[in-house]
S.K.: 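Take this structure, written in structure tokens, and hold onto it; I'll ask about it next.
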Amino acid sequence: MADLTSKTIAELSQGFDNKEFSATEVVTAYIKNMEQGRKYNAYITETGEHALAQAKDCDNRIASGKRLSMLDGVPLGIKDLFCTKDIKTTAASRILENFIPPYESTVTKNLLDAGSIFIGKTNLDEFAMGGANLTSYFGQAINPIKRADGKEVVTGGSSGGSAAAVAASMCAGATGTDTGGSIRQPAAFCGIVGIKPTYGRCSRYGIIAYASSLDQAGPMTKTVEDAAIMLEKMAGFDELDSTSADIAVPNFTSSLKSGVKGLKVGVVKEFLNGDLNKEIAAAYEESMNILKSNGAEIKEISLPNMKYALATYYIIAPAEASSNLARYDGLRFGLRVDGSSLDEMYENSRSAGFGAEVKRRIMIGTYVLSAGYYDAYYLKALNVRKLIRQDYINAFKEVDTILTPVAPTTAFTIEESKSFDPVTNYLQDVFTVPVNLAKLPAISVPVKMAENSLPIGMQLIGRDFDEETLFKGAYVLEQNNSWSRR
Amino acid sequence: MDTKEINHIAKLARLKFDEGSVEGITKDMNDILKWMDILQSADTSSVDNNEDDAQELRQREDVVKISNLSEDLMKNAPECYEHYFTVPKVVE
């Protein structure tokens with residue numbers, strides 16, 4: 001039974017329907033790949049035994065011709081930020097090293113109800129704060145794709161373990177979360193597909209919170225079609241999340257292959273005239289040409305306030321994080337380090353439990369919310385956020401979707417990243433962060449191999465709740481680019 | 001920001017930086033805040049402060065449901081006594 005792990009979710013589903021192989025065989029093949037791929041450190045917790053038990057139930061359903069959905073029997077990696085009942089959930093932090101949730105997140109519950117199998121909890125930046133999976137308490141994840149000079153490169157982040165697991169066929173698909181690019185950038189660095197849906201599309205219930213007004217869950221997969229299959233099941237209204245959107249989830253897979261004829265695609269003037277890396281610029285142009293030759297109309301648009309997006313994000317996200325992470329106090333759950341007073345116990349537990357980047361963001365957040373600085377930083381950022389969203393609303397009067405690069409460079413090495421100061425790290429998010437601020441959906445798809453043999457990703461940004469257009473556009477890019485044909 | 005101010009913010013955040021790390025976080029905070037100065041040049045005069053563009057938060061009926069049982073929740077507590085979380089003594 002060779003090559004079961006190279007199949008897409010769509011192919012696995014068809015194989016189950018035709019009884020070509022069993023879920024147990026598929027899970028067994030993935031477990032073997034996970035063992036061989038441990039050098040990538042993609043998983044914090046492997047749940048192979050649990051997965052085999054689930055596979056038995058799937059096989060009974062397959063035998064009786066009663067599969068629950070296209071995901072029934074499909075092994076998935078789950079970012080270790082989603083609470084999974086009775087399965088350790090760490091957020092890649094020492095403070096939650098031994099946390100076992102007594103409840104299931106809505107997104108993972110939806111996936112379980114669809115029959116999918118959880119094969120492990122994937123690595124990430126601590127509390128999803130980072131863009132290279134280097135801040136994980138459990139060590140960095142390694143990109144399965146090597147640079148032309150033979151050097152190992154980072155996976156990107158924060159959903160780096162999920163991206164590596166999909167790229168190395170250690171799961172058929174994975175969940176990610178995206179607060180400022182944490183699905184799209186690792187997808188681009190590892191040569192896979194990832195979509196950040198519209199804010200409100202997927203429930204945040206049971207996802208360990210980083211920045212609540214920006215966090216959104218989405219799938220990470222080998223193909224655009226697989227992303228559509230997964231998102232259909234992950235998404236949906238949930239009364240347990242007060243920001244969950246009560247909007248029907250379209251059948252993404254049915255419209256996926258209908259093409260881009262007549263679609264108006266915006267390209268951003270400020271990025272075209274800016275100092276884009278030469279190879280990224282070439283990939284940008286190549287992607288425009290693919291869409292154009294398939295009948296789309298390319299139109300230049302302006303997003304004048306993008307230059308403020310990073311600073312805005314790095315005020316709002318840490319502000320929300322400083323509040324969200326106040327719950328880790330060593331009292332009700334998580335790491336506790338004793339002290340002579342209650343305050344000292346809080347300080348000792350939090351100082352020992354959080355890593356350097358998490359502490360840095362809690363400090364920024366506390367500062368911008370503190371008396372005397374609130375108006376100058378936090379309130380100002382909230383107002384600029386509105387300007388940024390307005391830029392997109394104006395652009396979407398003229399175009400249906402906006403094409404931009406995902407990241408300013410291809411993946412870098414761990415040594416290279418050591419020379420980055422915090423601000424340099426934050427600059428990596430320049431193309432992804434504004435989308436979260438505007439709450440819009442965006443898909444990341446690999447389009448080209450750079451000279452250093454690493455993938456380059458492009459993103460399509462859409463109107464509120466118009467993921468359908470993104471899937472259509474990304475599918476055309478996927479079917480016609482040089483990375484997918486490599 | 002100087003180390004005194006950093007220690008004040010750390011206190012508010014219930015964090016502690018020892019002598020070896022306080023210099024590093026002070027430098028990082030200053031670099032980051034300086035970089036954020038760009039926002040001061042953004043013209044936000046057209047933005048209505050009072051207008052909340054977030055969707056109206058939904059309310060739901062107050063219905064009694066069995067959710068997490070305290071026993072399950074207590075399993076993650078670092079220290080507890082019967083059904084109580086325990087803390088260092090707070091009153092003399």
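Bear in mind that the values here come from a model prediction, so they are computed numbers and not experimental data. Reminder, nothing fancy here: chain letters follow the sequence lines and each chain counts from 1.
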S.K.: Relative to chain B, which of Asp246(A), Ile362(A), Leu331(A) shows the most heavy atom pairs under 4.5 Å?
M.R.: Leu331(A)
S.K.: What part of Val90(B) gets closer than 4.5 Å to chain A, counting heavy atoms only: side chain, backbone, both or neither?
M.R.: side chain
S.K.: Taking the basic N atoms (NZ, or NE/NH1/NH2) and the acidic carboxylate oxygens, is any pair closer than 4.0 Å for Lys11(B) and Glu347(A)?
M.R.: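 Salt bridge present between Lys11(B) and Glu347(A).
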S.K.: Does any backbone or side-chain atom of Asp329(A) lie under 4.5 Å from a heavy atom of chain B? Answer side chain, backbone, both or neither.
M.R.: neither
S.K.: Please look at Ser213(A) and chain B and tell me whether the side chain, the backbone, both or neither of the residue comes under 4.5 angstrom of a heavy atom of that chain.
M.R.: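 When you check distances to chain B, no heavy atom of Ser213(A) falls under 4.5 Å.
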S.K.: Does any heavy atom of chain B fall under 4.5 Å from the side chain of Leu427(A), the backbone, both, or neither of them?
M.R.: side chain
S.K.: So which part of Ser370(A) gets closer than 4.5 Å to some heavy atom of chain B, the side chain, the backbone, both or neither?
M.R.: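 Answer is side chain: those atoms of Ser370(A) sit under 4.5 Å from chain B.
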S.K.: With a 4.5 angstrom heavy-atom cut-off, could you sort out which part of Asp86(A) is near chain B: side chain, backbone, both or neither?
M.R.: neither
S.K.: Would you mind checking which part of Tyr373(A) comes under 4.5 Å of any heavy atom in chain B, side chain (CB onward), backbone (N, CA, C, O), both or neither?
M.R.: side chain
S.K.: Give, as side chain, backbone, both or neither, the part of Ile315(A) having an atom under 4.5 angstrom from any heavy atom of chain B.
M.R.: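 Both backbone and side chain of Ile315(A) come within 4.5 Å of chain B.
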S.K.: Just so I understand: if I count every heavy-atom pair under 4.5 Å between each of Ser351(A), Ala356(A), Ala352(A), Ser349(A) and chain B, which residue has the most?
M.R.: Ser351(A)
S.K.: Rounded at 0.5 Å granularity, tell me how far CD in Glu239(A) sits from CD in Glu61(B).
M.R.: 10.5 Å
S.K.: So do Ile32(B) and Arg360(A) actually touch side chain to side chain, heavy atoms under 4.5 Å?
M.R.: yes
S.K.: Quick check against the 3.5 Å criterion: does Arg350(A) have a side-chain atom that pairs as donor or acceptor with the backbone of Arg14(B)?
M.R.: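 Checking the backbone N and O of Arg14(B) against the side chain of Arg350(A), a donor-acceptor pair under 3.5 Å is found.
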S.K.: Is there side-chain contact between Leu387(A) and Ser46(B), with heavy atoms separated by less than 4.5 Å?
M.R.: yes
S.K.: Name the region of Leu310(A), side chain, backbone, both or neither, that has any atom closer than 4.5 Å to a heavy atom of chain B.
M.R.: both
S.K.: Return yes if some donor-acceptor pair links the side-chain N/O of Gln40(B) with the main-chain N/O of Lys380(A) below 3.5 Å, else return no.
M.R.: no
S.K.: Counting heavy atoms not belonging to Lys109(A), are there more than 12 under 6.0 Å from its NZ?
M.R.: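 It does not: Lys109(A) NZ has 12 such atoms or fewer within range.
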S.K.: Are any of the side-chain heavy atoms of Tyr103(A) and Asp72(B) separated by less than 4.5 Å?
M.R.: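 Side chain of Tyr103(A) against side chain of Asp72(B), heavy atoms only: no contact under 4.5 Å found.
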S.K.: May I ask you to test the Asp421(A)-Asp28(B) pair for a side-chain heavy-atom distance under 4.5 Å?
M.R.: no
S.K.: Is the shortest heavy-atom distance from the side chain of Arg332(A) to the side chain of Asn76(B) under 4.5 Å?
M.R.: no
S.K.: Say you draw a straight line from CG of Asp31(B) to OH of Tyr426(A); how long is it, rounded to the nearest 0.5 Å?
M.R.: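 Asp31(B) atom CG to Tyr426(A) atom OH measures 10.5 Å (nearest 0.5 Å).
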S.K.: Pick whichever of Phe333(A), Tyr367(A), Tyr346(A) has the most heavy-atom pairs under 4.5 Å with chain B.
M.R.: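 If we count pairs closer than 4.5 Å to chain B, Tyr367(A) comes out on top.
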S.K.: Do Met29(B) and Ile364(A) pass the side-chain contact (heavy atoms from CB on, under 4.5 Å) test, and can you show the C-alpha distance, the side-chain angles, and the key distance before you say yes or no?
M.R.: CA-CA 7 Å; Met29(B) 290 281 285; Ile364(A) 299 166; 3.8 Å; yes
S.K.: Check whether Ala326(A) gets within reach of chain B through its side chain, its backbone, both or neither, counting any heavy atom under 4.5 Å.
M.R.: neither
S.K.: Can you tell which part of Met363(A) gets under 4.5 Å to a heavy atom of chain B, answering side chain, backbone, both or neither?
M.R.: both
